[in-house]
There are 2 protein chains.
Amino acid sequence: MSPRVTLTDVAAHAGLSTTAVSLILNGKTGTGLSEDAHRRVFASALELGYRPNLMARGLRTEKSATLGFVSDHIASTRYAGPMIRGALHAARERSHTMFITETEGERAEQERAIQALLDRGVDALVIATVTGRAVLPERRPAVPVVLLNGTSPDEPYASVLPDEAEGARQAAEHLITLGHRRVHLLGMPPQLYDHPLITPQVKRRIEGLLSAFRAAGVDVVPIPYKREAWDAETGFETASRALRDAAPVGAVVALNDAIAAGAYEAFRSAGLEIPQDVSVVSFDDDGIVSFLRPRLSTVALPYEAMGRRSVELALEGAAPGEYLEAMELRVRESARPVA
Amino acid sequence: MSPRVTLTDVAAHAGLSTTAVSLILNGKTGTGLSEDAHRRVFASALELGYRPNLMARGLRTEKSATLGFVSDHIASTRYAGPMIRGALHAARERSHTMFITETEGERAEQERAIQALLDRGVDALVIATVTGRAVLPERRPAVPVVLLNGTSPDEPYASVLPDEAEGARQAAEHLITLGHRRVHLLGMPPQLYDHPLITPQVKRRIEGLLSAFRAAGVDVVPIPYKREAWDAETGFETASRALRDAAPVGAVVALNDAIAAGAYEAFRSAGLEIPQDVSVVSFDDDGIVSFLRPRLSTVALPYEAMGRRSVELALEGAAPGEYLEAMELRVRESARPVA
DNA sequence: CTGTTAGCGCTTTCAT
DNA sequence: ATGAAAGCGCTAACAG
């Protein structure tokens with residue numbers, strides 16, 4: 001409708017030059033502009049409803065107050081949501097606006113997305129993954145890039161990751177403190193390396209568990225998965241196998257919540273009560289298993305905090321390296337002291 | 001790193017003016033520029049890796065190839081995901097990039113978000129809601145706006161909605177075709193108007209059901225909810241009440257999937273088999289109840305298609321009015337012919 | 001067939 | 001204490 005109000009309009013209305021108005025509106029200090037000039041400018045801007053044209057400003061300053069969030073998946077998983085929400089909040093607090101794109105994990109699509117964002121002058125890029133495996137851009141963009149929930153094997157990028165080692169330590173510590181001296185690990189990979197499920201994060205989770213238990217002299221019984229999936233079915237199967245081949249089972253660590261859910265089933269079918277007969281501790285705090293009773297004690301993935309952190313780092317152009325976000329054990333009712 | 005390649009660079013390299021290059025690169029026709037000029041320009045652009053600066057272009061053309069998606073919730077619900085995905089796809093197909101913001105349904109926050117997006121020159125806005133109740137902008141923005149999954153009571157906006165009336169008709173038709181002559185409606189509102197749960201969409205769902213059943217001479221038994229929530233608990237309670245106060249119960253329509261899930265429980269506790277003893281049809285096709293057995297026959301909400309449609313309409317500046325997206329009955333195993 | 005010029009709205013030297 | 005002028009990269013009248 002009404003043609004946009006520009007700096008020139010405000011200047012005319014305030015009886016000053018655009019220079020003066022720009023200086024004042026941007027809070028530039030040390031420009032001996034009079035008190036009165038300030039007053040007039042603010043009044044005019046307010047009265048006319050002036051809003052700076054950010055594209056024009058960006059053209060001049062090379063800053064767009066905009067950033068790009070490139071994610072492999074956003075709709076198809078419940079993990080993306082919290083990361084995006086955290087990122088969105090951090091961006092908003094810094095008066096930035098966020099472009100979001102979804103790449104389905106395809107390299108070509110990601111390149112297109114990054115290019116499209118760069119063409120629009122984003123100030124920074126966060127490349128997020130829900131799978132834990134980041135796809136790196138072919139050429140390093142000219143703006144800061146941070147990897148969210150994914151690592152860069154060789155090339156140095158800033159990457160935000162959950163502190164799996166410390167989270168694992170807490171899970172182990174919990175069972176140790178409760179007096180358990182023998183613990184089954186449900187969903188262990190048959191071998192630790194070069195396996196599709198084993199992202200660097202997962203490796204740290206497992207190694208953290210192992211080293212904490214070892215340090216405490218706790219007996220660890222790995223129950224590897226057969227199917228390559230960390231789902232409820234695997235949980236059911238590994239728990240059943242533990243009961244059959246490695247009894248007695250007094251405490252288990254499920255490598256994620258879905259496995260824990262399956263294990264619950266298996267233990268129940270076997271007539272065992274949780275936590276009276278067997279203690280369960282798990283990872284992720286995945287909302288989807290909130291229906292479990294007794295409620296699951298699990299180490300939460302800090303997705304929202306990670307999302308937030310990623311844009312903070314991106315906007316301040318943080319140095320390459322790993323930025324770990326704390327994982328926290330949420331103690332509920334699925335584990336208790338050994339009888 | 002390398003300073004950005006501009007139009008001027010390409011022009012110099014090709015030995016032409018920026019005008020010629022601009023014309024050629026934008027595929028402007030009818031500008032008798034020589035074949036040779038075309039060749040040289042494309043070659044130069046390619047060789048130098050030229051990418052147009054979209055902010056500069058936008059400053060000139062008033063088009064940014066950008067749009068804003070303003071949603072009340074994105075992380076906290078599983079409905080937002082598909083809408084966003086659909087919108088993202090439509091935007092990408094049209095070489096547009098999408099800003100996403102989350103407002104928590106707060107008017108002030110939404111105003112801020114809209115203003116921020118307008119400041120960045122978005123070409124259009126889609127205002128999405130997962131609650132079904134759109135918050136309208138205080139002043140109508142200067143760019144096209146479409147409401148996604150929400151209506152505008154008074155002011156005329158383009159709004160994309162599920163075709164609830166037709167979806168309801170399909171659900172009713174299904175039971176009618178199976179020979180049911182008496183159907184219980186689980187989760188009916190005590191009165192149809194001025195009730196918190198009753199968005200215009202829901203009203204159409206209910207009225208669609210009622211009119212289809214009435215037309216077929218089917219006996220409808222409404223079982224209103226007590227607690228104001230369409231959740232599993234309400235499903236359990238209404239189904240139990242139907243059994244107790246309005247037996248026999250041979251077929252029910254649950255007003256959404258959560259209610260259906262609760263009803264499953266109630267029927268089972270009462271020793272009834274689905275679908276042998278009672279047929280169940282429902283609405284939403286909410287992934288979260290995919291665990292139900294027998295699998296639920298339900299009328300799917302077309303969220304992804306709606307998301308897609310919303311940006312198509314926004315980008316073409318569609319006229320105010322309602323744009324309905326088809327709902328589809330997904331026939332599975334929860335209903336069968338009357339004995 | 002091709003080039004000159006102006007200008008989008010803003011910031012930023014540099015003068016005064 | 002304030003303003004003139006240049007210029008960010010692009011497009012579009014208008015001339016030749």
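By convention in this document, chain letters (A, B, ...) are assigned in the order of the sequence lines, proteins followed by strands, and residues within each chain are numbered from 1.
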Checklist line | Under the side-chain contact (heavy atoms from CB on, under 4.5 Å) test, residues paired with B:Met327 that sit two or more places apart | finding: B:Pro162, B:Glu164, B:Arg205, B:Phe283, B:Val299, B:Leu301, B:Pro302
Notebook entry, point to check: If you look only at pairs with a residue in residues 124-135 of chain A, which of them pass as a salt bridge (charged side-chain N to carboxylate O under 4.0 Å, His left out), with sequence neighbours excluded?
Noted result: none
Next item on the list: Starting from P on C:dG9, measure out to CZ on B:Arg57 and report it in whole angstrom.
Entry: 18 Å
Next item on the list: Specify the separation, in whole Å, of atom CZ of B:Arg120 and atom P of C:dC8.
Entry: 23 Å
Check: Near DNA chain C, which residues from residues 15-28 of chain A have a heavy atom under 4.0 Å away?
Finding: A:Thr19, A:Ser22, A:Leu23, A:Asn26, A:Lys28
Next item on the list: Could you tell me which residues satisfy ring-ring contact (aromatic ring centres under 6.0 Å, His included) with A:Tyr323, sequence neighbours excluded, listed by chain and number?
Entry: none
Next item on the list: Rounded off to whole Å, could you give me the OH-to-C1' distance for the A:Tyr50 and C:dG9 pair?
Entry: 7 Å
Notebook entry, point to check: Rounded to the Å, how far apart are A:Asn53 CG and C:dG7 C1'?
Noted result: 14 Å
Checklist line | Set of side-chain contact (heavy atoms from CB on, under 4.5 Å) partners for A:Arg92, sequence neighbours left out | finding: A:His89, B:Glu109
Notebook entry, point to check: Mind checking whether A:Pro144 and A:Tyr157 have side chains closer than 4.5 Å, heavy atoms only?
Noted result: no
Next item on the list: Return the set of residues passing side-chain contact (heavy atoms from CB on, under 4.5 Å) with B:Gln115 (not counting sequence neighbours), or none when no residue passes.
Entry: A:Arg51, B:Leu118, B:Asp119, B:Arg139
Checklist line | Euclidean distance, atom CG of residue A:Leu7 to atom P of C:dG7 [Å, nearest integer] | finding: 18 Å
Checklist line | B:Tyr79: partners by ring-ring contact (aromatic ring centres under 6.0 Å, His included), with sequence neighbours left out | finding: B:Tyr303
Margin query: Using a 4.0 Å cut-off to any heavy atom of chain B, which nucleotides of DNA chain D are the first and last in contact, reading 5' to 3'?
Written below: D:dG9 to D:dA13
Next item on the list: Identify, with sequence neighbours excluded, every residue that meets ring-ring contact (aromatic ring centres under 6.0 Å, His included) alongside B:Phe99.
Entry: A:Phe99
Next item on the list: Just jot down the salt bridge (Lys or Arg N to Asp or Glu O under 4.0 Å) partners of A:Glu328, sequence neighbours excluded, or say none.
Entry: A:Arg330
Notebook entry, point to check: For A:His13, what residues pass the side-chain contact (heavy atoms from CB on, under 4.5 Å) criterion, not counting sequence neighbours?
Noted result: A:Ser44, A:Glu47, A:Leu48
Next item on the list: Would you mind reading off the bend of the helix from C:dC1-D:dG16 to C:dT16-D:dA1 from its two end axes, five pairs each, to 10 degrees?
Entry: 50°
Checklist line | Position toward the 5' end of DNA chain C (nearest nucleotide), B:Leu59 or A:Arg60 | finding: B:Leu59
Next item on the list: Identify the two heavy atoms, one from B:Thr18 and one from B:Leu7, that lie closest to each other, and give their separation to 0.1 Å.
Entry: O-CD1, 3.8 Å
